A.B. asks: 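Pasting in a structure now, in C-alpha cells, and then I'll have a few things to ask.
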Amino acid sequence: MLKNIEGKTTMKIYRQKFLSIFMTILLVFGLLSCGVQEGSEITESSAGDTTDVIQVTPTPDHEIKNIVLIIGDGMGIEHISAGQFYAGAPFAFASWQYTSVNTDSVKVNTNRLTITDSAASGTALATGHLTVNSYLGKDATGADVPTILDYAASLNKSTGVVTTDTLYGATPAAFSAQSIDRNAVETILTTQIASNVNLLCGAVDTQCTARQVEILDAGYVFCDDFAQVDSTLSSDKAYWQFDLAGNGASIALPDASVKALDFLDKDTDGFVLMIEQAYIDKYSHDNNFDEMVKSMSSLNDTVDAVMEWLGDRTDTVVLVTADHETGALAISTSPVLANECTSFGTPIYYKWSRADHSNAKVGLFVHGVKADFTKFDFYASQHQIKNSDVYYLMYDILSNPINYGE
Ligand SMILES: [Zn+2]
C-alpha cells in the first residue's frame with residue numbers, strides 16, 4: 001500500500017512527479033504565510049496580516065444533508081508536504097478550496113492567547129468557543145457548551161466520532177464529553193457514554209471496555225470484533241472498539257470510517273461525522289519522521305475512501321483540517337536541514353524544532369460547498385480565521401442547507 005520508488009525507469013517518472021509536487025508545494029507556500037514562532041506564549045497572532053479568502057467555485061444545485069470533518073491531529077502544512085513526498089503524488093484534498101487557520105487557545109483568566117493543546121483546539125472546532133488548555137466541551141469560564149454534533153442531533157441527524165486514539169483522547173472527547181481536565185478519564189467516559197452520540201468508535205482500551213455494562217445501559221450495542229461490525233449497522237447507537245492505534249494496527253482508519261458512513265447513512269435526515277487520525281501528532285511528539293509520514297498516508301487514504309464512498313453524491317460536505325501543528329516541522333528538497341530521509345527514493349531533508357505543539361497555522365480544505373469565511377468575523381479585529389470558525393462554517397451549512405447547495 002505504501003509506495004517506495006526504486007529503479008531507473010521509475011526514477012525518471014519520479015523526477016517528473018517530483019517536479020510537479022515541488023511546484024505544488026511552492027504554490028501552497030505562495031498561498032500561505034505559515035510562520036512558526038517558537039516560544040511558549042504569544043499575545044497576538046503570528047500571522048495577523050494575512051487575509052484569508054477561500055476561492056469561489058461553482059456550486060451544484062442540491063441540498064446539503066451531511067458533514068464529514070476529518071482531523072489530522074498535529075498536521076501542519078509541512079506534514080502534508082512530507083506525506084505527499086512519501087506517497088509520490090499530490091494528495092487529492094490538497095487541491096480543494098483552502099484557507100489557513102489560527103489555532104491558539106486562551107490563557108487562564110486572561111484574554112491572552114497561547115499555544116493550544118488538543119483539548120482546547122478540539123473544543124474550538126467542536127463548539128466554536130476558544131477555550132483554555134485541557135478543557136473539553138467547556139468554554140473559557142468552564143461552562144458546558146453544545147457541540148456541532150449536539151446541533152446536528154437537534155436537527156434529527158445522526159452523529160458519529162471515529163478515532164485512532166482511545167475514545168477518551170482529547171479530540172474525540174472534545175466532540176462528545178465535558179471535563180475541565182483532559183486527564184480525568186472517568187469523568188470523560190461518564191459524560192461521553194451519556195452523550196447520545198450515535199456512533200462512538202475508537203482504539204481498544206481496557207478503561208473503555210470496563211464500562212461495557214454502562215455502555216449497554218445507555219442503549220449502545222457494543223462491538224470489538226471488526227468482522228462482526230456489519231451486524232451492528234442497523235442499530236440506533238453503537239460503541240465500536242477496534243485495533244486502530246498506530247501504524248501497526250490491524251484495522252485501517254479508512255475501513256472503520258467507511259463502516260461509520262454506512263452506519264450513519266441510514267438516517268434520512270443526514271449525519272455529521274468527525275474522523276481523527278491521532279498518530280500524526282503522537283509520532284510528531286516523538287520527532288519520528290518516517291512513522292509520521294505513514295500516518296499522513298493513513299489520513300489521505302481515509303479522505304480518499306470517504307470520497308470514493310460518496311461517489312457522485314452532492315449532499316455531503318467534507319472538511320479536512322488539523323487541531324494544531326506539532327513539532328515545528330520544516331522540510332526541504334535541498335540539504336539545508338539537518339536530517340535526511342531517503343525512504344522516498346529522492347532524499348528529503350527535514351528538521352523538528354520542537355517536541356510539542358507550535359502555533360503555526362494549519363490548513364482547512366473544503367469539498368462540496370462554496371465556503372466564504374469572510375462572513376465569520378469571530379476574530380475580525382485580527383483579520384484571521386480561527387479554528388473556532390470551522391464550527392461556525394459547519395453550523396451555517398446545517399442551518400442553511402439549501403442556500404449552501406444552490
Ligand atoms: Zn499533541
Side-chain angles (χ1 to χ4, degrees), residues 34 36-42 46 69-80 82-83 101-107 113-126 130-137 161-177 179-185 188 202-203 205 244-247 249 253 274-296 298-299 320-330 350-364 387-388 390:
C34 185
V36 178
Q37 288 188 351
E38 295 184 29
S40 61
E41 185 180 315
I42 57 171
S46 60
L69 172 65
I70 301 171
I71 298 173
D73 200 311
M75 179 179 73
I77 299 301
E78 295 282 60
H79 294 70
I80 296 172
V101 177
N102 181 287
T103 67
D104 296 321
S105 61
V106 180
K107 280 183 78 73
L113 299 176
T114 190
I115 294 175
T116 194
D117 71 351
S118 287
S121 56
T123 298
L125 291 167
L130 289 190
T131 193
V132 176
N133 285 346
S134 187
Y135 282 21
L136 295 164
V161 167
V162 175
T163 179
T164 57
D165 204 350
T166 58
L167 275 165
Y168 55 80
T171 307
F175 282 79
S176 55
S179 175
I180 56 167
D181 178 3
R182 62 176 290 176
N183 296 314
V185 174
I188 292 167
D205 183 85
L244 284 159
N247 291 337
L253 183 60
M274 190 285 283
I275 302 169
E276 182 207 21
Q277 175 47 273
Y279 278 80
I280 300 164
D281 176 67
K282 293 180 192 296
Y283 291 126
S284 295
H285 279 287
D286 295 340
N287 287 177
N288 188 332
F289 187 80
D290 283 20
E291 294 302 316
M292 181 280 290
V293 288
K294 291 177 191 170
S295 288
M296 277 302 310
S298 165
L299 179 120
V320 178
T321 192
D323 50 355
H324 53 76
E325 198 270 356
T326 304
L329 176 65
Y350 64 93
K351 179 176 184 242
W352 300 100
S353 294
R354 305 172 68 90
D356 205 343
H357 304 173
S358 77
N359 68 338
K361 285 189 170 189
V362 298
L364 171 64
N387 47 6
S388 48
V390 177

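Everything numeric here is computed off the predicted structure, so don't read it as measured data. Start at 1 and go down the list; that is how both ligands and their atoms are numbered.
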A.B. asks: Please check this pair: side chain of D117 against backbone of A120, looking for a donor-acceptor N/O pair closer than 3.5 Å.
C.D. replies: yes

A.B. asks: Between N102 (side chain only) and N387 (backbone N and O only), is there a donor and an acceptor less than 3.5 Å apart?
C.D. replies: no

A.B. asks: Could you walk me through whether T103 and N359 pass the side chain to side chain donor-acceptor pair (under 3.5 Å) test, one step at a time?
C.D. replies: CA-CA 7 Å; T103 67; N359 68 338; over 6 Å; no

A.B. asks: Listing residue and atom name, which protein N/O/S atoms are closer to the Zn ion (ligand 1) than 2.8 Å?
C.D. replies: D281 OD1, D281 OD2, H285 NE2, H357 NE2

A.B. asks: Judged by modelled atom types alone, do T326 and D281 share a side-chain donor-acceptor pair under 3.5 Å?
C.D. replies: yes

A.B. asks: Do E325 and S358 have side-chain atoms, one donor and one acceptor, less than 3.5 Å apart?
C.D. replies: yes

A.B. asks: Taking side-chain hydrogen bond (donor to acceptor under 3.5 Å, both in side chains) as the definition, give me every residue that meets it alongside N133, ordered by chain and number, with sequence neighbours left out.
C.D. replies: S105

